[in-house]
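Whatever order the structure lists ligands and atoms in, that order sets their numbers, starting from 1.
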Amino acid sequence: MKKDNKKRDLGREVNVSTKVKTDKSKTKVNGGVFIYTGAISVSELSTALNISSSEIIKYLFLKGKMITINSILDDELIGEICLEFGYDFQKKVIVEAENFEELVIDDDPSKLKERPPVVTIMGHVDHGKTTLIDAIRNSNLVDAEVGGISQEIGAYQKEINGQKITFIDTPGHEAFTAMRSRGASVTDIVVLVVAADDGVMPQTIEAIDHAKAAGVPIIVAINKIDKPGADPERVKTELMQHDVISEDYGGDVITVNISAKKKQNIEGLLEAILIVSEMAELKANPDRYAMGTVLEASLDKFEGPKATLLVQNGTLKSGDFLVVGTSYGKARRMTNEHNKVVNEATPSTPVSVIGLSEVPEAGDRFMAFKDESEAKTIATRRKQIKEAKLKSKTSALSLDDLYNRINEGNIHNINLIIKADSTGSAEAVKASLEKLTTDDIKINVIRATAGGITESDVLLAAASNAIIYGFNVRPDAHTKAKAQEEKVEIRLHRIIYALIEEIQAAMKGLLKPVMVEKTLGQAEVRKLYKVSKLGTIGGCMVIEGVIKAKSNIKVLRDGVIIYEGKLASLQREKDAVKEVKSGFECGLLIENFNDIKEGDIIEASEISEEKPDGE
Ligand code: GDP
C-alpha cells in the first residue's frame, strides 16, 4: 500500500469475526476488515495488514503462485490473503483515516447489538430540567448502584427493567446545538420538559425546533403536576400548535406527567424512553474499535488532560490508542460516573479518560486505533488539515453554495429559518416558501417566528446548515458577528415576492447579479436632543462599520424595521461630516422622522451592483 494514499484498515474489529476465522487467525488477536480500493502490491498489503511480505509470498508459493514483493495483487488474491491471515475484506471508496468523521460504518447487520438510548433534556428555563436531571441521577429505585452519581462526567447511565439509558448532563439546547454545529450528533431522544402550570414558552418552541431539525424523537415530560395550577391538557393543546401531537390527540408523541421535585412518575418517564428507544432500533457493533464524541474535557491538575468520551460505536478498552480531535494518546485509565475504574466501555457508555496528550474540545470526535504510531500519524495529519481548513473556512451553507450544489444536482433539501416582523408574516413567508418544494428539492422551514434575528437563530442555522431569511427584521451587531464566525448566511428582504424570487432562482441554479442594498454600518442611539426647528437629533455611537451622510437608513427597534429613509444630516461635534466610523460618536437627523428613541439602531446602507451579500 502506498503511504500517500492514506488507506488504512479502519474497520478493524476487536474480535475476529467467525466468518473469516482461519487457523492462522488465532495467532492474530486483532484481525478485522481490510478496506481497500484497488490493486495493490504485496509489500503494500503486508504493511497494511502488518504481516511480513515473506509470509504472503510463502503462502502464495505453497498455492503454486510465484510472486515477488512488488507483484500487484488483484481483488481475488487480496481477498484470499486477507482471509488466510484473519482479516475480513471490503472493497470500497476510501475514507481517509484522517477524516474519520466521514466514515460510514457499514457493519454486517448480524454483528449489530442493541445499545442504550442517549437522552438530552430540554425545555424552557425554570420548567424543571435541572431538578429532573437530579431526580433521575439520584434515584436509586431503578438503579443497581446505591447512592447516585459520585462523579460529574457530563453524562450518566441509569438502569430500568434491566435496560440502560444514557443521560447527557447538560440540559438545554445550547450544548445540543453546539455539538450539532460541530457536526456531532449524540442525542437519540429529546425529553422536552414543560411545566404544567406555565405551558409552552419560547424556549420550549426552540427546543422543538432543534429536536426536529436534528430528526430526533421527542418525549414530553409534563412537569410540576403537583402544583395547584397544573393543567397538562392545556400543555398538550399548546404543543399541537407546534406539530407536537400527543398520543391522546391521535399523534405519536408520548407525554408523561411527572413531578421532578416530588420524584413522581420518574419511572414512567424512563419507561417511555425505553419504548421510544425500542422503536428507534438503536444498534451498534460492540466488536470494533471504538468511535464516538467528546462530551466534555478539562485539564486536571494532577492527571493532565481529562475527557468524557461517549462511545457511539465499538468498544473502548483501557490501553487502546486514541485520536481525539487533533490530539492522540492512550486510554490510560477509564472511570465511570461512580468514579470506578472500568476496563471497557461499550456503545452509548460515557467514560472519563485520562492519558491524552492535549485537552480536546467538546464535540470533537474520537476513534481508537491498534497502535500508537498510527494514532500519532493520524492526529498530526488531522491537525494539519484543521489548520488548513481554518485558513479557508467556508460557510455552513451560503446562497452561492446553494446555487452551485443545485447546479451539480447534489442538494435535495434547503433548510431555512424565517424571522419576520410579525407572527402573521412569518407564517405567510413560510407557507409561500414551502409551496416552492418540487420533486427534486424540498424546502424545509425549520423555524419561522416573529422578532429580530438572534444568536439562537444563528446557532440553529449553523447546526442545521440553514440560511436565515429576515423579513423586515435585522440582526444586531453581536448576532452579525456570530453569523460571520459561524459562517451562517443571513439574507434580508422587505418584500415577500423578492424573497421568493431569490429562492426560486437558487432552485433553478441561476445566480443573477442584481442591484442590491449593501449594509454599511450601524449606530446606536444613546441620547436624544430636541432642537425646535430641526426636530430630534440622535446622539449616537457607531457600533459597526461606517455611517455615511448620503446613506439610506433604517431605524430598527428590537430588531424590527420601524422606519426607512435618508439622513438629513450627519455631524461630529457640530460639524457636518461625510462619514463616521465605528467607535466614534455622531449626531444624526433623519429626514421626515422624529420618532427615534434611545436604544434604536440606525442602520446605514447604499445601493451597490455587487453580487448579493444580504439583501
Ligand atoms: P430549569 O431552569 O429548567 O433547570 O429548572 P429548575 O430545575 O432549576 O427548576 C426551577 C424551579 O422549579 C425550582 O425552584 C424547582 O424547585 C421547581 N420545580 C422543578 N420541578 C418541580 C416540580 O415537579 N414541582 C414543583 N412544585 N416545582 C418544581
Close-range residues for ligand 1, whose non-hydrogen atoms fall below the 4.0 Å threshold: H124, V125, D126, H127, G128, K129, T130, T131, N223, K224, D226, K227, S259, A260, K261
Without hydrogens or angle criteria, can the side chains of D457 and T454 be said to hold a donor-acceptor pair below 3.5 Å? yes
Between T255 and S246: side-chain donor-acceptor atoms closer than 3.5 Å: no
Salt bridge present between D198 and K224 (N-O < 4.0 angstrom): no
Looking only at the side chains, is there a donor atom on one of T166 and Q157 sitting less than 3.5 Å from an acceptor on the other? yes
Examine distances only and state if a side-chain atom of H127 and a backbone atom of A195 form a donor-acceptor pair shorter than 3.5 Å. yes
Within-4.5 Å side-chain heavy-atom neighbours: I561 and D421: no
